[in-house]
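Atom set for the values below is all heavy atoms of this structure, side chains included, hydrogens, waters and symmetry mates excluded. Keep in mind that what you see is a predicted model, and the values were worked out from it rather than measured.
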Amino acid sequence: MEDTRYPIELEVLTPLSVGSGNDNEWVRGIDFVQKERKVYVIDMKRAADAGVSIDALTSLFLKSDEEGIIRLLGSRIGDLSKYVFDAPVRTDNNIKTFLRTQFYNKPLVAGSSLKGSIRSALFNYLRTDEKKNEEVFGTMKDGTDFMRFIRVGDIELPKTVLVNTKIFNLQKDGREWLGGWKHRSSDRDGNSHTDEHYRPNGFNTLYECAAPHVSGYGNISLASAAYRLLEQFGKARVQYAAKKRELLNEPICRLFQIINEVTRSYLIKEKEFFMQYPAERSDEVIDNI
């Protein structure tokens, strides 16, 4: 039974993070070091092959001795690294890494991640009242899960960069809520150390991201014929069947139209938030939106 299969191009518009999990974060002085304005993610195998003493390197890792690692590797540090990035700022936190393919170590936007985003976009489109997720999409248990009829392939991307991030949150001044940037963790008294001034360091985190304007290619398949069989012979009742049937039978531009409408609505709300709660550099956020 043939699906309608569409080739797609993914172009990154803003820095994109697809996290690979906390266990894979890069730790300063163990996985990476920062020298001047560069971040070096050390490759133990390359270092061993180049004759670097692994005992000495391991000893430095155990102490998280960043300066010692830099001295040991010397001018060869770039050649002995898996990755070398431009560093926007310094941070003492771990670097949040991007998901990569298992064999070729390429940056990867997993089809499951895209599918989850599509699911979120379709939720409000499908429902007409206050329904829960299972009531809208169905379940795998009875075979009615609608998202199994939308199949999304993985997309590899060519490169990543490091992007600095800061937390923007609200602070209370008397009875008034104000926008602000967070610079430290909350203390025992509950003070959040948030103010209106932007500083790139302090409670900031570097993320490995796909940079704007890079592209990758994949595919989306719509299994309309299989869905028809579900409607005809399935034992359980399909919620919102007409909308689901229409979505699978129309060209994929209809799916993209729904996604664009949800995205536009979200961005309008984001813009309104930053206009209502301004702080230093929030005008740049608004301009980018």
Chemist: Less than 4.5 Å apart, any side-chain heavy atom of V136 and any of F123?
Modeler: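 In short, these two side chains touch, coming nearer than 4.5 Å.
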Chemist: Roughly how far, to the nearest 0.5 Å, is the OH atom of Y40 from the CG atom of L73?
Modeler: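 Answer rounded to 0.5 Å: 10.5 Å.
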Chemist: Report yes if some heavy atom in the side chain of D283 is under 4.5 Å from a heavy atom in the side chain of F274; otherwise report no.
Modeler: no
Chemist: Distance-only, no hydrogens or angles: does the K244 side chain make a donor-acceptor pair with backbone N or O of Q239 under 3.5 Å?
Modeler: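 At least one qualifying donor-acceptor pair exists.
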Chemist: Could you grab the distance from atom CD of E67 to atom CD1 of I70, nearest 0.5 Å is fine?
Modeler: 4.5 Å
Chemist: Show, in sequence, the C-alpha distance, side-chain angles and deciding distance for F98 and V109, and conclude whether the side-chain contact (heavy atoms from CB on, under 4.5 Å) test is met.
Modeler: CA-CA 9 Å; F98 202 93; V109 180; 4.3 Å; yes
Chemist: Is the number of heavy atoms from other residues, nucleotides or ligands under 6.0 Å of D129 CG greater than 12?
Modeler: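 It does: D129 CG has more than 12 such atoms within range.
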Chemist: Any donor and acceptor pair, going by atom type alone, linking the side chain of E25 with main-chain N or O of N94 inside 3.5 Å?
Modeler: no
Chemist: Mind checking the CD1-CE spacing from I42 to M44? Nearest 0.5 Å is all I need.
Modeler: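 Reported value, rounded in 0.5 Å steps: 10.0 Å.
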Chemist: Answer with yes or no after comparing the ring centroid distance for Y277 and F168 against a 6.0 Å cut-off, counting only values under it.
Modeler: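 Ring-ring flag for Y277/F168: false, centres at least 6.0 Å apart.
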Chemist: For the pair T263 (side chain) and I259 (backbone), establish whether a donor and an acceptor sit closer than 3.5 Å, ignoring hydrogens and angles.
Modeler: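 Yes; judged by distance alone, with no hydrogens or angles, the pair exists.
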Chemist: Taking the side chain as C-beta and beyond, is there a heavy-atom pair between L60 and E66 under 4.5 Å?
Modeler: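 The answer is no, as the side chains (C-beta and beyond) never meet within the 4.5 Å cut-off.
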Chemist: Report the distance from atom CG of L99 to atom CG of N24, rounding to the nearest 0.5 Å.
Modeler: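 L99 CG to N24 CG: 9.0 Å, rounded to 0.5 Å.
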Chemist: Among K38, K35, R37, which residue meets the salt bridge (Lys or Arg N to Asp or Glu O under 4.0 Å) test with D86?
Modeler: K38
Chemist: Are any non-hydrogen side-chain atoms of L255 and I252 less than 4.5 angstrom apart?
Modeler: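 L255 reaches I252 side chain to side chain.
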Chemist: State, to 0.1 Å, how close I258 and L247 come at their nearest heavy-atom pair, and which atoms those are.
Modeler: CD1-CD1, 3.7 Å
Chemist: Do N22 and K96 come close enough that some side-chain heavy atom pair is under 4.5 Å?
Modeler: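 Yes, side chains in contact.
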Chemist: Does any N or O in the side chain of S81 come within less than 3.5 Å of the main-chain N or O of V84, such that one atom is a donor and the other an acceptor?
Modeler: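 No, because the side chain of S81 does not come within donor-acceptor range (under 3.5 Å) of the backbone of V84.
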Chemist: Write down the atom of E156, the atom of L108, and the distance for their closest heavy-atom approach.
Modeler: CG-CD1, 4.0 Å
Chemist: Quick one: are the ring centres of W26 and F32 less than 6.0 Å apart?
Modeler: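 When the ring centroids of W26 and F32 are compared, they turn out to be at least 6.0 Å apart.
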Chemist: Tell me the closest heavy-atom pair linking P212 and L13, and the distance in Å.
Modeler: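 Taking P212 first and L13 second, the nearest heavy atoms are CB-O, 3.7 Å.
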Chemist: Looking at R127 and E130, is there a salt bridge between them, counting it only when a charged N and a carboxylate O are closer than 4.0 Å?
Modeler: yes
Chemist: State, yes or no, whether a side-chain contact exists between L16 and C209 at a heavy-atom distance under 4.5 Å.
Modeler: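 With C-beta onward as the side chain, the pair stays apart.
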Chemist: Spell out, yes or no, whether L80 and L57 are grouped together once hydrophobic residues are joined by side-chain heavy atoms under 4.5 Å, including indirect joins.
Modeler: yes
Chemist: F203 ring centre to K166 NZ or CZ under 6.0 Å, with the angle to the axis within 45°?
Modeler: no
Chemist: Which value, rounded to the nearest 0.5 Å, describes the distance between T194 atom OG1 and H197 atom NE2?
Modeler: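 Here the interatomic distance stands at 12.5 Å.
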Chemist: With distance as the sole test, does T91 use its side chain to make a donor-acceptor pair with the main-chain N or O of L206 at under 3.5 Å?
Modeler: no
Chemist: Ion pair present between R228 and E231, side-chain N to carboxylate O less than 4.0 angstrom?
Modeler: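 Answer for the salt bridge query: no.
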Chemist: For E134, does the CD atom have more than 12 heavy-atom neighbours from other residues, nucleotides or ligands under 6.0 Å away?
Modeler: no
Chemist: Would you find a donor on one side and an acceptor on the other, under 3.5 Å apart, between the side chain of S120 and the backbone of G116?
Modeler: yes
Chemist: Kindly check if the number of other-residue, nucleotide or ligand heavy atoms within 6.0 Å of NZ (K271) is above 12?
Modeler: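 Count not over threshold, so no.
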Chemist: Are V41 and V27 connected in the hydrophobic side-chain network, where two residues link if heavy atoms are under 4.5 Å apart?
Modeler: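 V41 does not cluster with V27.
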Chemist: Before giving the answer on side-chain hydrogen bond (donor to acceptor under 3.5 Å, both in side chains), spell out for N105 and Y83 the whole-Å C-alpha distance, their side-chain angles and the decisive distance to 0.1 Å.
Modeler: CA-CA 11 Å; N105 213 31; Y83 317 109; 2.2 Å; yes
Chemist: Enumerate the residue pairs fulfilling side-chain hydrogen bond (donor to acceptor under 3.5 Å, both in side chains) with a member in residues 199-213, sequence neighbours excluded, ordered by first and then second residue.
Modeler: R100-E208, T160-E208, N164-N204, H183-R199
Chemist: Do you know the tightest heavy-atom contact between Y240 and E135?
Modeler: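 Here Y240 and E135 meet closest at CE1-O, 4.1 Å.
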Chemist: Any side-chain heavy atom of M275 sitting closer than 4.5 Å to one from I286?
Modeler: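 When only atoms from C-beta onward are counted, I286 and M275 do touch, with a gap below 4.5 Å.
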Chemist: Can you list the steps and then say if T58 with D55 is a side-chain hydrogen bond (donor to acceptor under 3.5 Å, both in side chains)?
Modeler: CA-CA 5 Å; T58 302; D55 288 341; 5.5 Å; no
Chemist: Quick one: does D43's side chain have a donor or acceptor within less than 3.5 Å of a partner on R46's backbone?
Modeler: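 Here the side-chain-to-backbone pair exists.
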Chemist: Would you say L126 and I220 are hydrophobically clustered, going by side-chain heavy atoms of ILVMFWY under 4.5 Å?
Modeler: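 Both belong to a single hydrophobic cluster.
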Chemist: Keeping D3 on the side-chain end and R5 on the backbone end, is there a donor-acceptor pair under 3.5 Å?
Modeler: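 Pair absent, no side-chain N/O of D3 close to backbone of R5.
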Chemist: Any donor and acceptor pair, going by atom type alone, linking the side chain of R76 with main-chain N or O of A50 inside 3.5 Å?
Modeler: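 Checked: pair present.
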Chemist: Heavy-atom distance under 4.5 Å between the side chains of L229 and Y227, does that happen here?
Modeler: no
Chemist: Would D287 and R281 pass as an ion pair if we require N to O under 4.0 Å?
Modeler: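 Salt bridge flag = no for R281 with D287.
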Chemist: Take K182 and H193 through the side-chain contact (heavy atoms from CB on, under 4.5 Å) test and state the conclusion after the steps.
Modeler: CA-CA 6 Å; K182 188 167 185 176; H193 303 287; 5.8 Å; no
Chemist: Run the numbers on V152 and I118 for side-chain contact (heavy atoms from CB on, under 4.5 Å), then give the verdict.
Modeler: CA-CA 10 Å; V152 187; I118 292 171; 4.0 Å; yes
Chemist: Kindly give the heavy-atom pair with the smallest separation between W181 and A279, and that separation in Å.
Modeler: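 Shortest heavy-atom contact: NE1-CB, 4.2 Å.
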Chemist: Check for a donor-acceptor pair, side chain of K115 on one end and backbone N or O of I150 on the other, with a separation under 3.5 Å.
Modeler: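 Flag set: sc K115 to bb I150 pair under 3.5 Å.
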Chemist: Verify side-chain contact (heavy atoms from CB on, under 4.5 Å) between T139 and D145, making sure each step is shown before the conclusion.
Modeler: CA-CA 4 Å; T139 67; D145 179 26; 5.7 Å; no
Chemist: Does atom CD of E11 have more than 12 heavy-atom neighbours from other groups under 6.0 Å away?
Modeler: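 Yes, the 6.0 Å shell around CD holds more than 12 heavy atoms from other groups.
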Chemist: In the single-linkage hydrophobic clustering (I, L, V, M, F, W, Y; side-chain heavy atoms under 4.5 Å), do L10 and V214 co-cluster?
Modeler: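 Yes; V214 is reachable from L10 via cluster members.
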Chemist: What are the two closest heavy atoms between G153 and L114, and how far apart are they?
Modeler: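 What the structure gives for the nearest pair is O-CD1, 4.3 Å.
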Chemist: What distance separates D31 CG from S64 OG, expressed to the nearest 0.5 Å?
Modeler: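 Those atoms lie 9.5 Å apart.
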Chemist: Between V262 and L267, is there shared hydrophobic-cluster membership here, with clusters defined by ILVMFWY side-chain heavy atoms closer than 4.5 Å?
Modeler: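 The answer is no; the residues belong to distinct hydrophobic clusters.
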